[in-house]
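Order of the sequence lines fixes the chain letters, A, B, ..., with proteins taken first and strands second; residue numbering starts at 1 for each chain.
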Protein chains: 2
Amino acid sequence: MNVKTICLAILTQGETTGYDIRKRSTEGDYAYFMEASFGSIYPALSKLEEEAYVTSRTVAQEGKPSKRVYKITPTGREFFINSLYDELNDDVFRSEFLLFLRFVEDLPRSLVEKRVNERIAKCNDAIENVKKLEEEFTKPSERWVLNFGQHCMRSARQYLIDNKQEIIALAKQEDVPARAAE
Amino acid sequence: MNVKTICLAILTQGETTGYDIRKRSTEGDYAYFMEASFGSIYPALSKLEEEAYVTSRTVAQEGKPSKRVYKITPTGREFFINSLYDELNDDVFRSEFLLFLRFVEDLPRSLVEKRVNERIAKCNDAIENVKKLEEEFTKPSERWVLNFGQHCMRSARQYLIDNKQEIIALAKQEDVPARAAE
DNA sequence: TCCGTCATATATAGAGTTGATATATATCGA
DNA sequence: TCGATATATATCAACTCTATATATGACGGA
């Protein structure tokens, strides 16, 4: 799945701008399973316009820079829907947090506790964010996907809460005696 | 987290080759939270050698091509452990499957059912794979991480099983009448 | 025996992507 | 007034992936 496909997917649901595509893919309703940056979105939209899968027009705005609004063409829509019949690539999960945890034996206890708590806090934020999105969405498939996401995040959070003492206990004892000797 | 860091992380646990780093990051014990391809691993190892974070030697093998075995230096080890004190980047999750599911209203029921079953099968494979890995690993932090991964995968699989009929029901009815009219 | 496939192993080119930065306008709060 | 934040487009260097090339040997089937 490349950025062109992501753009087409979002454009299938209505006209929008490169700025908005980026926002939705990093903070909005698409953020939990895809991402794209400006450096890939703008070139992707240009290429899609060359290929006649989208058209664009410039819209002036008061108090804001004028924006370039993209719209999917019938050809583009057809191309996108057809691509949904292709074999799906595997899900990708990457976590610096889990890499970090594999080395807790070499790290001070306070640092490990801090990072685990930060991770739990991020889970909380993400769950709250999805809850808000669910209120906005009415399309049944979108709600199903958001519920699935929320379920997975709650499950991960619960595991962290239930087992955090165990992983923290594996970390190195702090050098408390050294400081006490000062 | 870049590929250089992944290489150092794996090399921290013993000497190995570029080929093996790729294998472990795509199929082995690191596969569930990171990934790297040949095109990034070999250049990364070269740069790490330039920077004196690793050394290499060529080892001839019978019945196999000779291999280049890399070893982390004390400087490299120190650099890696220090980098574990840095702020952690957010976890990344990308799923073509979830993008696909947002468009089930436009897709035939048989295709949706097929893809959901494929996803459940992949979950089963992944869970079995992690179980095997857990038998091999004795380091407590590694087991904790694998258990966490297994917990998350089981939870996702259960949600898919429990709610698959609901999402399949949202898909388009097949064009059975059209075929019957032939 | 020959051929294709698979596994081991290194390497690279081209395409795609990220992360950082530049530019411009406007609002909001300190 | 100054910095931060938000909207909005755009680009570039560095990085990464996908696909391919090269080489060796094992294994199985035709």
Side-chain angles (χ1 to χ4, degrees), chain A residues 1-8 10 15-28 30-31 33-51 54 56-70 83 86-87 89-94 96, chain B residues 1-8 10 15-28 30-31 33-51 54 56-70 86-94 96:
Chain A
M1 183 174 56
N2 56 22
V3 175
K4 272 161 74 176
T5 310
I6 295 173
C7 291
L8 283 180
I10 293 179
E15 292 181 25
T16 191
T17 65
Y19 184 80
D20 183 59
I21 289 172
R22 193 256 179 178
K23 233 192 152 192
R24 286 168 70 182
S25 80
T26 53
E27 301 164 35
Y30 284 90
F33 52 93
M34 57 175 60
E35 190 161 356
S37 58
F38 291 135
S40 53
I41 290 169
Y42 288 116
L45 288 170
S46 296
K47 275 184 195 167
L48 286 170
E49 193 160 23
E50 271 177 48
E51 293 163 341
V54 303
S56 73
R57 63 179 207 280
T58 303
V59 175
Q61 297 184 111
E62 275 180 63
K64 288 178 194 176
S66 60
K67 61 186 179 180
R68 193 162 176 179
V69 177
Y70 286 89
S83 76
D86 295 346
E87 293 287 320
N89 288 321
D90 285 351
D91 290 359
V92 172
F93 176 62
R94 292 195 192 175
E96 277 192 28
Chain B
M1 182 173 57
N2 56 22
V3 176
K4 273 162 75 177
T5 311
I6 294 173
C7 291
L8 284 180
I10 293 179
E15 292 182 24
T16 192
T17 66
Y19 184 80
D20 182 59
I21 289 172
R22 195 257 178 176
K23 237 194 149 191
R24 286 169 70 181
S25 81
T26 53
E27 301 163 36
Y30 284 90
F33 52 94
M34 57 175 61
E35 190 161 356
S37 60
F38 291 137
S40 53
I41 289 169
Y42 288 116
L45 288 170
S46 297
K47 275 185 194 166
L48 285 170
E49 192 160 22
E50 272 177 46
E51 293 163 342
V54 303
S56 73
R57 63 178 206 281
T58 303
V59 175
Q61 297 182 111
E62 275 181 64
K64 289 179 194 175
S66 61
K67 61 185 179 181
R68 194 162 175 177
V69 177
Y70 288 88
D86 295 345
E87 293 288 319
L88 296 173
N89 288 322
D90 285 351
D91 289 359
V92 171
F93 176 62
R94 289 194 194 178
E96 276 190 29

Worksheet item: Does a side-chain N or O from R68(B) land closer than 4.0 Å to OP1 or OP2 of dA11(C), or not?
Response: yes
Fill in: Rounded interatomic separation in angstrom, taking NZ from K67(B) and P from dG25(D)
16 Å
Worksheet item: In whole angstrom, what separates R94(B)'s CZ from dC17(D)'s P?
Response: 11 Å
Practice prompt. Grab the CG-P distance between N89(A) and dT17(C) for me, whole Å please.
Written response: 12 Å
Discussion item. Suppose we screen for side chain to side chain contact (heavy atoms under 4.5 Å, CB included). Which residues come up paired with R24(A), at least two apart in sequence or across chains?
Written reply: I10(A), Q13(A), D20(A), D29(A), Y30(A)
Fill in: Under 3.5 Å donor-acceptor, S25(B) side chain and A36(B) backbone
yes
Worksheet entry | Partners meeting side chain to side chain contact (heavy atoms under 4.5 Å, CB included) with T26(A) (sequence neighbours left out) | R22(A), E35(A)
Discussion item. Assuming nearest nucleotide by heavy-atom distance, tell me which of P65(A) and S46(A) is located more 5' along DNA chain D.
Written reply: P65(A)
Worksheet item: Is there a residue in residues 36-43 of chain A whose heavy atoms reach under 4.0 Å of DNA chain C, and which residues are they?
Response: A36(A), S37(A), G39(A), S40(A)
Discussion item. Please confirm whether the shortest side-chain N or O distance from K23(A) to OP1 or OP2 of dA6(D) is below 4.0 Å.
Written reply: no
Worksheet item: Between Q61(B) and dT8(C), is there a side-chain N or O to OP1/OP2 distance below 4.0 Å?
Response: no
Worksheet item: For D90(B) and dG19(C), what is the distance between atoms CG and C1' respectively, to the nearest whole Å?
Response: 15 Å
Discussion item. Does a side-chain N or O of K47(B) approach OP1 or OP2 of dC15(D) to a distance below 4.0 Å, or not?
Written reply: yes
Discussion item. What is the separation between atom CZ on R22(A) and atom P on dT11(D), rounded to the nearest whole Å?
Written reply: 17 Å
Fill in: Terminal axis angle for the helix from dT1(C)-dA30(D) to dA30(C)-dT1(D), five pairs an end, nearest 10 degrees
30°
Practice prompt. Give the minimum heavy-atom separation between G39(B) and P43(B), together with the two atoms involved.
Written response: O-CG, 3.3 Å
Discussion item. Looking at dT10(C), I'd like to know if its phosphate oxygens (OP1 or OP2) sit under 4.0 Å from a side-chain N or O belonging to Y19(B).
Written reply: no
Worksheet item: Expressed in angstrom and rounded to an integer, what is the separation of L45(B) atom CG from dA9(C) atom C1'?
Response: 13 Å
Worksheet, complete the sentence: Between S66(B) and T58(B) the two heavy atoms that sit nearest each other are OG-CG2, 4.1 Å
Worksheet, complete the sentence: side chain to side chain contact (heavy atoms under 4.5 Å, CB included) test vs Y70(A) passes for just one of L45(A), I21(A), T16(A), namely L45(A)
Fill in: For atom CZ of R24(B) and atom P of dA7(C), their distance in whole Å
19 Å
Worksheet item: Between Y42(B) and Y19(B), what is the shortest heavy-atom contact and its length?
Response: OH-N, 3.5 Å
Discussion item. If I compare all heavy atoms of M1(A) with all of E96(B), which pair ends up nearest, and what's the gap?
Written reply: N-OE2, 2.7 Å
Worksheet item: Rounded to the Å, how far apart are D20(B) CG and dA9(C) P?
Response: 8 Å
Item to complete: Could you pull out all residues at least two apart from A44(B) that satisfy side chain to side chain contact (heavy atoms under 4.5 Å, CB included)?
Response: V3(B), K4(B), C7(B)
Fill in: Out of dT10(C), dT18(C), dG16(C), whichever nucleotide has its closest atom nearest the side chain of N2(A)
dG16(C)
Fill in: Those residues that, when tested against V69(A), pass side chain to side chain contact (heavy atoms under 4.5 Å, CB included) (two or more places apart)
E15(A), T17(A), R57(A), V59(A), K67(A)
